Engineer: 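Let me begin by handing over the structure; questions about it come next.
Each chain gets a letter, A, B and so on, in the order the sequences are listed, and its residues count up from 1. Because the structure is a prediction, the values reported are computed rather than measured.
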2 protein chains.
Amino acid sequence: MVGMNSTAAGDGATGRGRPRGFDRDAALVQAIRLFWERGYEATSIGELTRAMGVRPASLYAAFGDKKSLFEEAVAAYGRTPPGAFLDIAFAEEPTARGAFSRVLHEAALVYADPAHPAGCLTISAATNVTPQDAGILAFLRDLRNRNLARFEDRLRTARATGELPADTDPHAPARYFATVIQGMSQQARDGATQAELTRVAELALAAWPSATAG
Amino acid sequence: MVGMNSTAAGDGATGRGRPRGFDRDAALVQAIRLFWERGYEATSIGELTRAMGVRPASLYAAFGDKKSLFEEAVAAYGRTPPGAFLDIAFAEEPTARGAFSRVLHEAALVYADPAHPAGCLTISAATNVTPQDAGILAFLRDLRNRNLARFEDRLRTARATGELPADTDPHAPARYFATVIQGMSQQARDGATQAELTRVAELALAAWPSATAG
DNA sequence: CGATTTCTTGAGCGATCGTTCAAGAAAGAC
DNA sequence: GTCTTTCTTGAACGATCGCTCAAGAAATCG
């Protein structure tokens, strides 16, 4: 009944005291899944404790309050493939065109992957929120707007290196691709398949700023 | 203190009994605004009664339970300009290209209009929902997928009348435009302005299926 | 007028929300 | 072994959730 301790979490784990009776990382995976599927407020502590196999007091001892658990879940989600594919593509692709194309195509596969909840946690987990949890909404919105700024930076760099025409406006295409990606997340939640979203990704790339300039 | 009765609601109002002490339509407008801004579950009966100027018992007597109130609010929203612009554009524009172009441009203006909550109620009001309210989620998702089917129908018709090439696939562009519109709603909620979304609409139209065929 | 009908008021229903507390259990330190 | 530290257990905290009920108030009908 007594499981192994967690692998390596940021607790000041010197080994003193009774060891934790559950796998902290495995429990966090369950929390991610629930927040991903239902969102922040629609996921209750009761559901979390049930899915994580942990009693409330243990959950609070290990993760703090619900907000802290959510923020840690978002951070851990960002280190999984579905949450990190954008960063990886931007880091690995040499050209901006290649980066955006890859992000769109991978979003199609990731968002509609039946192996996990549809869409993107960052996009959909704090859409409907009580005023008292406005901080959670702002937390995810800032994350999204940070990605928007990275889109714009990447396009600006592409213009500076000559990949894009000198008169290219980086602002509008950045907003456009962010729009398409957020829309793809919604579409996946509405039942769109990987094949359908791949076609959407291909169509979206028709707006790539090369032939005509704004 | 005693206001006028409602204009014309579907109650079996023969005039018997004590008249309603509040304007039913005006109260419904406040309900729309709250559901629009926060979504279904994040809007409590307490907030609704406060904003509508009505006590709980009066609300339940006039609108039934929370789910019925929401469905009526969605229906009424669909008869306001922000909720009906798609239907109007599709009805008035002779060409498919004109219809989609107009829908995209009007979505940019409507979704980021500072005069009311950002985005589209149908798109954003039931993203995060408890399992017990799964019916509300399905209700709005069906509404969205109905619009998707209308997009496809419109493109199919355009192909039949010769506006689009005979080998045009109506499915993919329909999904694409639905994706962009839902993304625009999200972007508006994240702070995108009317001008920014208008540029997104213009870029999105670059994927219009005419020059290249899938 | 009295009778009937409908709405409003104010209180409160059971359930669930996020969270915490006291007591017991399992480990290392000495 | 005992002491200390940490985690687990089970119960329960106050607050809020959606919703309802009994009593009083305001209208029409006869």
Side-chain angles (χ1 to χ4, degrees), chain A residues 1-6 9-24 26-27 31 34-35 38-71 73 128-133 135-136, chain B residues 1-6 9-24 27 31 34-35 38-71 73 128-136:
Chain A
M1 176 172 290
V2 179
M4 293 301 294
N5 214 336
S6 173
D11 302 322
T14 63
R16 280 277 278 274
R18 175 174 177 175
R20 182 175 291 120
F22 62 96
D23 186 330
R24 194 179 186 278
L34 273 176
F35 283 134
R38 304 211 221 292
Y40 177 73
E41 278 192 345
T43 303
S44 70
I45 298 288
E47 282 179 314
L48 286 165
T49 56
R50 207 177 310 127
M52 298 164 81
V54 168
R55 305 301 183 81
S58 297
L59 186 151
Y60 278 84
F63 297 100
D65 61 3
K66 188 184 179 186
K67 182 185 172 193
S68 300
L69 171 60
F70 179 73
E71 289 171 347
N128 308 133
V129 125
T130 300
Q132 73 202 26
D133 282 326
I136 297 287
Chain B
M1 176 174 291
V2 179
M4 293 300 294
N5 215 335
S6 172
D11 303 320
T14 62
R16 282 276 278 275
R18 176 173 177 174
R20 182 176 291 123
F22 62 96
D23 186 330
R24 195 179 187 278
L34 273 177
F35 283 134
R38 303 212 222 292
Y40 177 71
E41 277 191 346
T43 303
S44 70
I45 297 288
E47 282 179 314
L48 286 165
T49 56
R50 207 177 311 125
M52 298 164 81
V54 168
R55 306 300 184 80
S58 298
L59 187 150
Y60 278 85
F63 297 101
D65 62 4
K66 189 185 178 185
K67 182 185 172 194
S68 300
L69 171 60
F70 179 72
E71 288 171 347
N128 309 132
V129 126
T130 300
Q132 74 203 24
D133 281 327
I136 297 287

Engineer: Side-chain contact test, heavy atoms from C-beta onward, threshold under 4.5 Å: evaluate it for Ile136(B) versus Lys67(B) and give yes or no.
Structural biologist: yes
Engineer: Using a heavy-atom cut-off of 4.0 Å across all strands, would you classify Thr43(A) as base, sugar-phosphate, or nothing?
Structural biologist: sugar-phosphate
Engineer: Measure NZ/Lys67(B) against C1'/dC19(D) and give the value in whole Å, please.
Structural biologist: 16 Å
Engineer: To the nearest angstrom, how far is Tyr40(A) atom OH from dC17(C) atom P?
Structural biologist: 13 Å
Engineer: If you check every side-chain atom of Arg16(B), which of dG18(D), dT5(C), dT6(C) has the closest atom?
Structural biologist: dT5(C)
Engineer: Just compare dG24(D), dT6(D), dG18(D) and give me whichever is closest to any side-chain atom of Ser44(B).
Structural biologist: dG18(D)
Engineer: Does dT8(C) have its OP1 or OP2 closer than 4.0 Å to a side-chain nitrogen or oxygen of Ser58(B)?
Structural biologist: yes
Engineer: When rounded to the nearest 0.5 angstrom, what distance separates CZ in Phe35(A) from CD in Glu71(A)?
Structural biologist: 10.5 Å
Engineer: Can you check the Met52(A) CE to dT8(D) C1' distance for me, whole Å?
Structural biologist: 15 Å
Engineer: Pro56(B) or Pro56(A): which one's nearest nucleotide on DNA chain C is closer to the 5' end?
Structural biologist: Pro56(B)
Engineer: Does NZ or CZ of Lys66(A) come closer than 6.0 Å to the centre of the six-membered ring of Tyr40(A), within 45° of the ring's axis?
Structural biologist: yes
Engineer: To the nearest Å, give me how far apart CZ (Phe22(A)) and C1' (dT6(D)) are.
Structural biologist: 12 Å
Engineer: If I take atom CG in residue Asp23(B) and atom C1' in nucleotide dT8(C), what distance separates them, rounded to the nearest angstrom?
Structural biologist: 17 Å
Engineer: Are Ser68(A) and Asp65(A) side-chain neighbours, meaning at least one heavy-atom pair lies under 4.5 Å?
Structural biologist: yes
Engineer: Is Ala57(A) touching bases, backbone alone, or none of the nucleic acid, heavy atoms closer than 4.0 Å?
Structural biologist: base
Engineer: Calculate the interatomic distance between Gln132(B) atom CD and dT16(C) atom P; express it in whole Å.
Structural biologist: 8 Å
Engineer: Atom CZ of Phe63(A) to atom P of dT20(C): distance rounded to whole Å?
Structural biologist: 16 Å
Engineer: Could you tell me the separation between the CG atom of Asp23(A) and the CE atom of Met52(A), rounded to the nearest 0.5 Å?
Structural biologist: 10.5 Å
Engineer: Counting side-chain heavy atoms from CB outward, which of dG18(C), dG18(D), dT6(C) is closest to Lys66(A)?
Structural biologist: dG18(C)
Engineer: May I ask you to evaluate whether Arg55(B) reaches the phosphate of dT8(C), defined as a side-chain N or O under 4.0 Å from OP1 or OP2?
Structural biologist: no
Engineer: Using the side-chain heavy atoms of Tyr60(A), tell me which of these nucleotides is nearest: dG10(D), dT20(C), dG18(D).
Structural biologist: dT20(C)
Engineer: Could you state the atom-to-atom distance from CZ of Arg18(A) to C1' of dA23(C) in whole Å?
Structural biologist: 12 Å
Engineer: Out of dC19(D), dA27(D), dT9(D), which has the shortest distance to the side chain of Ile45(B)?
Structural biologist: dC19(D)
